[in-house]
Amino acid sequence: MKAIYQDYISLLKCFVHNTAPANREKVDYDKLIHLAGINSTEGIVNYVLLKAPEIVDTQYHKYMSRQCRLQIAGLSHRAQQMNILSAKLDEQGIDHLLFKGYVVKEYYTVPELRTFGDIDFVIRKEDRKRCHELMMTLGYETRCDWEPVYSYSKGSEYYEIHTDVMEIDVSDKADYKSYFSHIWEYTLANNHAHAHEFTPEFHFLYLLTHIAKHISTSGAGIRMYLDIAFFIKHFGDTIDWGWISEELKKLQFQDFANMVLTAVQEWFDISGPLPLKEISADTMEDFLDFTIEGGIFGKYGRDKNVIFLKEQNRSEAEVSKFKTLMFRIFPPVSSLKFRYSYLQKCPWLLPAAWVHRIVGNPGSWKRYLHHVRGIANADTEEALRLKKLYREIGL
């Protein structure tokens with residue numbers, strides 16, 4: 001493990017266990033803060049280092065103190081606004097399911113240090129129109145309309161409102177989209193009559209699959225594994241891990257779950273609640289590099305076209321740029337039917353959906369053109385290396 005990675009991981013481990021860091025010689029704080037920044041854990045690293053001011057230079061100490069205060073204040077405000085929005089949804093009788101970061105943050109040592117770029121929640125499809133009207137009445141602006149995900153913003157607030165939580169199959173091993181189409185069967189009432197959360201067992205399965213989803217499209221930063229560490233620490237043996245184990249078999253997700261739980265145990269010293277199979281040191285090191293270097297969503301300093309090239313040639317021994325380009329320009333019904341529900345009943349409208357995804361999102365044609373050029377210039381050798389790593393981690 002690189003020395004800077006070791007320093008970084010050790011600070012995250014201190015945060016998980018709420019301990020002060022040990023004094024380490026020759027720490028490159030500029031690199032450390034850079035890694036924390038691209039992985040959206042800067043507040044956490046600063047918080048831990050503030051516990052041991054004697055090991056940090058004065059200039060860094062002042063910077064860290066200020067960053068912590070700003071982050072805690074900013075995220076506290078956004079959480080308060082979400083509570084207000086939840087109450088408004090409740091008044092209108094709109095069921096909404098809170099999940100991911102907004103829920104998991106409550107398991108953290110300091111909830112306000114669990115960052116989130118947006119706040120996600122799920123509504124029922126039949127409430128889509130009423131929810132949109134409410135958001136307009138409350139002064140939010142429509143940012144994106146990607147059925148089944150709708151985005152709204154106002155000031156520092158940014159919400160992604162879902163009518164479905166799994167738009168893609170994260171691997172070719174199982175039908176993940178169908179499995180997660182019954183989410184309302186696995187919910188618990190929250191603090192409002194119409195606010196809900198997943199059962200802990202189902203939420204854990206979703207968090208694992210959400211990590212895999214991000215890895216399949218770009219990458220998943222170390223904050224997502226912190227979520228798993230705090231989830232396990234919070235619930236311990238109070239939930240049904242046996243049920244989770246059986247569901248992992250249905251999803252053919254045992255190998256990936258083993259990878260994630262092994263990483264959480266090795267990086268944060270949180271023992272997995274399920275039996276683990278040994279993973280080679282080389283694979284663990286490659287996985288750590290892949291996780292940290294790509295930043296929070298695996299996009300930092302990384303060519304996303306290489307990952308797309310790898311993904312569209314998942315089952316083949318080699319990679320084909322032509323096949324990948326055709327998929328990007330003319331995606332099949334199976335790729336678009338969860339975004340445009342009319343394709344589920346009328347698949348012959350596929351050409352209309354190709355036009356819809358451009359016309360319905362102004363400016364997106366420029367992104368498509370840029371992406372097509374990127375695929376044509378992507379490094380096929382790097383795509384093959386990624387395919388090998390994905391096989392090793394169970395995807």
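If you read the sequence from its start, that first residue is 1, and numbering goes on from there. All values below come from the heavy atoms of this structure, side chains included, with hydrogens, waters and symmetry mates left out. Note that the structure is a prediction, hence the values are computed from the model and not measured.
- How far CG of L261 is from CD1 of I228: 7.5 Å, rounded to the nearest 0.5 Å.
- Screening F268, F230, F290, F287 for a ring-ring contact (aromatic ring centres under 6.0 Å, His included) involving Y225 leaves a single residue, F287.
- Within the 4.5 Å cutoff, the side chain of M135 has no heavy atoms near those of the H132 side chain.
- In the hydrophobic cluster analysis, where Ile, Leu, Val, Met, Phe, Trp and Tyr join through side-chain heavy atoms closer than 4.5 angstrom, Y107 is grouped together with V260.
- Remark: K105 qualifies as a cation-pi partner of Y102 under the 6.0 Å distance and 45° angle criteria applied to the six-membered ring.
- A donor-acceptor contact shorter than 3.5 Å links the side chain of T115 to the backbone of S40.
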Between I33 and V45, does a side-chain contact (heavy atoms from CB on, under 4.5 Å) hold up when you go through it step by step? CA-CA 8 Å; I33 291 173; V45 167; 5.6 Å; no

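- Panel note: side chain H96, backbone H194; a donor-acceptor pair is recorded below 3.5 Å.
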Determine, step by step, whether H182 and F202 satisfy the ring pair (Phe, Tyr, Trp, His ring centres under 6.0 Å) criterion, reporting the C-alpha distance in whole Å, the side-chain angles of both residues, the deciding distance to 0.1 Å, and the verdict. CA-CA 11 Å; H182 306 287; F202 194 80; 9.7 Å; no

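- The residues D127 and R124 are annotated as not salt-bridged, no charged nitrogen and carboxylate oxygen being separated by less than 4.0 angstrom.
- The aromatic rings of F180 and Y206 sit perpendicular to each other, their planes meeting at more than 60°, with 30° as the lower class boundary.
- Under the 3.5 Å distance criterion, with hydrogens and angles disregarded, no donor-acceptor pair is assigned to the side chains of T109 and Y47.
- Not a single donor-acceptor pair under 3.5 Å links the side chain of S86 to the backbone N or O of N83.
- Remark: the backbone N or O of L113 is paired with a side-chain donor or acceptor of Q71 at under 3.5 angstrom.
- Both F231 and L274 belong to a common hydrophobic cluster when Ile, Leu, Val, Met, Phe, Trp and Tyr are linked at side-chain heavy-atom distances under 4.5 angstrom.
- Between D255 and K277 a salt bridge is recorded (basic side-chain N to carboxylate O distance below 4.0 Å).
- For K177 and D164, the salt-bridge test fails: no basic side-chain N is under 4.0 Å from an acidic carboxylate O.
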Could you check E247 against K250 for salt bridge (Lys or Arg N to Asp or Glu O under 4.0 Å), going step by step and ending with a plain yes or no? CA-CA 5 Å; E247 297 303 298; K250 293 180 185 178; 3.0 Å; yes

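- In this structure a side-chain-to-backbone donor-acceptor pair under 3.5 Å is present from R78 to G117.
- With sequence neighbours excluded, no residue forms a side chain to side chain donor-acceptor pair (under 3.5 Å) with Y29.
- A donor-acceptor pair is defined here as one N or O able to donate and one able to accept, closer than 3.5 Å; such a pair exists between the side chain of S218 and the backbone of F297.
- If you chain together hydrophobic residues whose side chains sit under 4.5 Å apart, V149 and L85 never meet in one group.
- Of all non-hydrogen atoms in A353 and L336, the two that sit nearest each other are CB-CD1, 4.1 Å.
- Side chain to side chain, Y186 and E201 fail the donor-acceptor criterion of an N or O pair below 3.5 Å.
- Contact between N258 and L276 at its shortest, heavy atoms only, is OD1-CA, 3.2 Å.
- The existence of a salt bridge linking E382 and R385 is confirmed by a sub-4.0 Å separation between a basic side-chain nitrogen and an acidic carboxylate oxygen.
- Considering all non-hydrogen atoms of both residues, L395 and V170 come closest at CD2-O, 4.5 Å.
- Checking side-chain atoms of H203 against main-chain N and O of K100 turns up a donor-acceptor pair under 3.5 Å.
- Note on I84: it does not cluster hydrophobically with I94, by side-chain heavy-atom contacts below 4.5 Å among ILVMFWY residues.
- Side-chain contact check for E293 versus I38: every heavy-atom pair is 4.5 Å or farther apart.
- L188 has its side chain out of reach of F198: every pair of non-hydrogen atoms, C-beta onward, lies at least 4.5 Å apart.
- Remark: side-chain polar atoms of K321 are paired, donor with acceptor, to backbone N or O of A378 under 3.5 angstrom.
- For the pair D95/T187, no side-chain contact is recorded, criterion being any heavy-atom separation below 4.5 Å from C-beta on.
- Side-chain contact between Y108 and I44 is present, with at least one heavy-atom pair separated by less than 4.5 Å.
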Before you tell me yes or no, could you show the steps for T19 and K13 under side-chain contact (heavy atoms from CB on, under 4.5 Å), namely the whole-Å CA-CA distance, both residues' side-chain angles and the distance that decides it to 0.1 Å? CA-CA 8 Å; T19 57; K13 186 191 297 184; over 6 Å; no

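- Nearest approach of P331 to L350, heavy atoms of both residues: O-CD1, 3.6 Å.
- The CG atom of D237 sits 10.5 Å away from atom CD1 of I232, with the distance rounded to the nearest 0.5 Å.
- The side-chain tip of R128 points at the ring of Y150 from less than 6.0 angstrom away and within 45° of straight on.
- No side-chain donor-acceptor contact under 3.5 Å links Y158 to the backbone of S151.
- Taking the six-membered ring where tryptophan is involved, the planes of F99 and H162 are perpendicular, since the angle between them exceeds 60° and thus also 30°.
- Put simply, the side chain of S335 never gets that close to the backbone of P332: no donor and acceptor are under 3.5 Å apart.
- Using a cutoff of 4.0 Å between basic side-chain nitrogens and carboxylate oxygens, K388 and E392 are scored as salt-bridged.
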